**Q** 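My structure is below; once you've seen it, I'll send some questions.
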2 protein chains.
Amino acid sequence: MNADGKTKTIDRGSYEPAYMQLVRIVSEQIATGILHPGDQLPAEGQFCTRYSVSPMTVRRAINILVERRLVSATQGKGTFVKPLDIGEAVFRLQELKDHWTHGSHTNVRLLEARIVFADECIASKLAISPGERTIYMRRLVLQEDLPTMYHREYLVYDPTLPLVEAQLQITSLEGLLQGQNSEGFRRGHLTIEAVNLKEEEAGVLKVPTGSAAFYLEHIFYDFHNHPVSWGGLMCRADHFKLTAYIGADADL
Amino acid sequence: MNADGKTKTIDRGSYEPAYMQLVRIVSEQIATGILHPGDQLPAEGQFCTRYSVSPMTVRRAINILVERRLVSATQGKGTFVKPLDIGEAVFRLQELKDHWTHGSHTNVRLLEARIVFADECIASKLAISPGERTIYMRRLVLQEDLPTMYHREYLVYDPTLPLVEAQLQITSLEGLLQGQNSEGFRRGHLTIEAVNLKEEEAGVLKVPTGSAAFYLEHIFYDFHNHPVSWGGLMCRADHFKLTAYIGADADL
DNA sequence: TAGTGGTCTAGACCACTTA
DNA sequence: AAGTGGTCTAGACCACTAG
């Protein structure tokens with residue numbers, strides 16, 4: 001199965017667990033072309049004897065390869081190397097969050113916060129009745145005194161909370177971005193799209209009207225599965241780029 | 001630990017494996033608020049006695065919860081429910097691929113394919129010398145006769161392949177999107193950003209100049225870790241939206 | 001029927017944290 | 001020292017696929 005005589009072995013004295021070493025060995029074989037897409041991996045028993053590990057250890061390693069989508073396992077048939085598939089690419093919002101948190105001089109300016117009565121659109125998004133009260137907030141994120149993100153959000157008004165002030169502290173998206181948050185939320189739905197900035201948005205972000213931007217829309221739900229926050233974040237396109245990697249990386 | 005007296009048990013006769021039932025039970029407890037962010041999960045031994053399963057089964061279930069980032073486990077301390085974190089959101093390119101493949105009437109039109117000599121920019125992206133030959137291709141994806149994606153790509157010219165025709169069949173991104181592909185690639189790097197369409201791009205996509213679009217740039221590498229394809233896909237913003245979910249879903 | 005992966009057991013030992 | 005999670009063993013049985 002291996003192309004050369006010098007086959008790697010598991011180093012039991014290593015800090016790296018045996019199952020991880022096995023994951024790395026197979027990943028390298030895929031990355032270097034020793035194993036090609038479509039090739040069948042050795043059976044579990046062969047791995048056991050080949051590397052002197054127990055079946056559970058082999059299974060754990062293979063499970064990880066399956067999760068990483070480098071191979072696919074089918075009961076009764078075997079485990080096979082998957083071809084490269086662009087659909088596997090995942091873009092993580094962590095990058096955007098890092099922009100927010102690690103930016104040397106990042107601060108958030110609250111532009112506006114007031115009670116608004118829900119129109120049909122807001123009401124349907126928050127699953128309330130038109131005319132019910134919501135808290136509307138507009139925030140601007142500045143990095144090095146440069147506006148980079150513009151956030152608008154509607155929160156359902158909760159009369160059990162003492163003051164508007166209290167709810168302002170919730171600052172849902174801000175809390176979520178900063179990690180310190182926001183007990184009330186247990187689930188969220190996010191979408192991202194490319195948009196042309198309207199005049200007001202462009203003005204706030206100090207770019208020409210019509211400039212391209214990422215629009216990150218969000219709805220957050222509480223424990224009762226009721227929406228409590230609906231809003232969107234406009235991100236200056238010239239400041240944000242999401243990245244992804246696909247395929248075997250030989251490392252990681 | 002449970003809020004009510006009626007505690008769920010593992011159904012050994014079910015099609016659902018024991019470890020998955022355990023995953024689902026704990027996920028539901030998180031989703032419904034029985035377990036709050038910061039709460040410590042029962043120790044593994046408690047799970048074993050509570051649900052009458054072996055330690056390995058418990059560990060597998062907890063590993064899955066850790067992978068799903070619903071909980072975090074620290075050696076010597078315990079396992080704790082994680083707060084909702086927007087950074088965990090992942091957008092999958094699979095959605096875009098589905099657009100391509102499941103679109104009722106999707107076809108690809110090759111607008112141009114010719115040899116070009118690499119300028120400094122192309123050369124640096126493909127790690128070749130300026131002046132070396134590359135294959136330049138422009139393709140247009142139409143859905144219901146409407147242009148939705150515009151793809152431009154440079155491939156390193158491989159003199160060992162008999163004809164340009166042969167390399168045209170590689171059609172790297174197309175192959176990757178369709179899944180049937182493209183032996184030569186083993187790794188890829190993708191970025192996505194929001195851009196304003198230039199006049200030529202907008203003309204091809206039949207939208208006004210300056211319209212917002214997703215720009216998906218890609219570089220693919222062969223087994224020797226050498227770049228073989230550099231290109232970009234312009235996606236009409238009004239046709240593409242990426243979605244993500246965060247938090248406990250109680251199902252799935 | 002033979003071979004494969006999928007699940008599961010009932011423990012063991014270790015490393016780490018906390019007190 | 002006690003409690004935690006992290007790793008690993010050496011099997012077992014089952015479900016599925018293929019010849």
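Side chains included, hydrogens not; waters and symmetry mates left out as well; all remaining heavy atoms used. In what follows, chains carry the letters A, B, and so on, assigned in the order in which the sequence lines appear, proteins first and then strands, with residues in each chain numbered from 1. Bear in mind the structure is a predicted one, so any value in this text is a computation, not a measurement.
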**Q** Can you give the first and last nucleotides of DNA chain D, 5' to 3', that have an atom under 4.0 Å from a heavy atom of chain A?
**A** dT7(D) to dA18(D)
**Q** By nearest heavy atom, map Glu16(A) and Tyr15(B) onto DNA chain D; which one lands nearer the 5' end?
**A** Glu16(A)
**Q** Without swapping roles, check the side chain of Glu193(B) against the backbone of Leu242(A) for a donor-acceptor pair under 3.5 Å.
**A** no
**Q** Between which residue ranges does DNA chain D form stems of three or more consecutive Watson-Crick or G-U wobble pairs, both distances under 3.5 Å?
**A** C:1-18 with D:1-18
**Q** Please tell me if the side chains of Tyr51(B) and Thr57(B) come closer than 4.5 Å, counting only heavy atoms from C-beta onward.
**A** no
**Q** Are His36(A) and Phe223(B) close enough that their ring centers fall under 6.0 Å?
**A** yes
**Q** Is a salt bridge present between Arg92(B) and Glu88(A), judged by a nitrogen-to-oxygen distance below 4.0 Å?
**A** no
**Q** Reading DNA chain C from 5' onward, which residue's closest nucleotide shows up sooner: Thr79(A) or Arg12(B)?
**A** Thr79(A)
**Q** Can you measure from CG (Asn63(A)) to CE (Met56(A)) and round to the nearest 0.5 angstrom?
**A** 8.5 Å
**Q** Is a side-chain donor or acceptor of Glu95(B) paired with a backbone partner of Thr243(B) at a separation under 3.5 angstrom?
**A** yes
**Q** Less than 4.0 angstrom from a charged side-chain N to a carboxylate O is my criterion; do Glu217(B) and Lys241(A) meet it?
**A** no
**Q** Is there side-chain contact between Leu93(B) and Phe91(A), with heavy atoms separated by less than 4.5 Å?
**A** yes
**Q** Using a distance-only test with no angle check, is there a side-chain donor-acceptor pair under 3.5 angstrom linking Arg187(B) and Tyr221(B)?
**A** no
**Q** Determine the interplanar angle of the His189(B) and Tyr245(A) rings, folded into 0 to 90°, and report it as parallel if under 30°, tilted if 30 to 60°, perpendicular if over 60°.
**A** parallel
**Q** Please tabulate, one pair per line, each protein N/O and nucleotide N/O from nucleotides 1-3 of chain C that are separated by under 3.5 Å, including the distance.
**A**
residue : atom : partner  : partner atom : Å
dG3(C)  : N2   : Gly76(A) : O            : 3.0

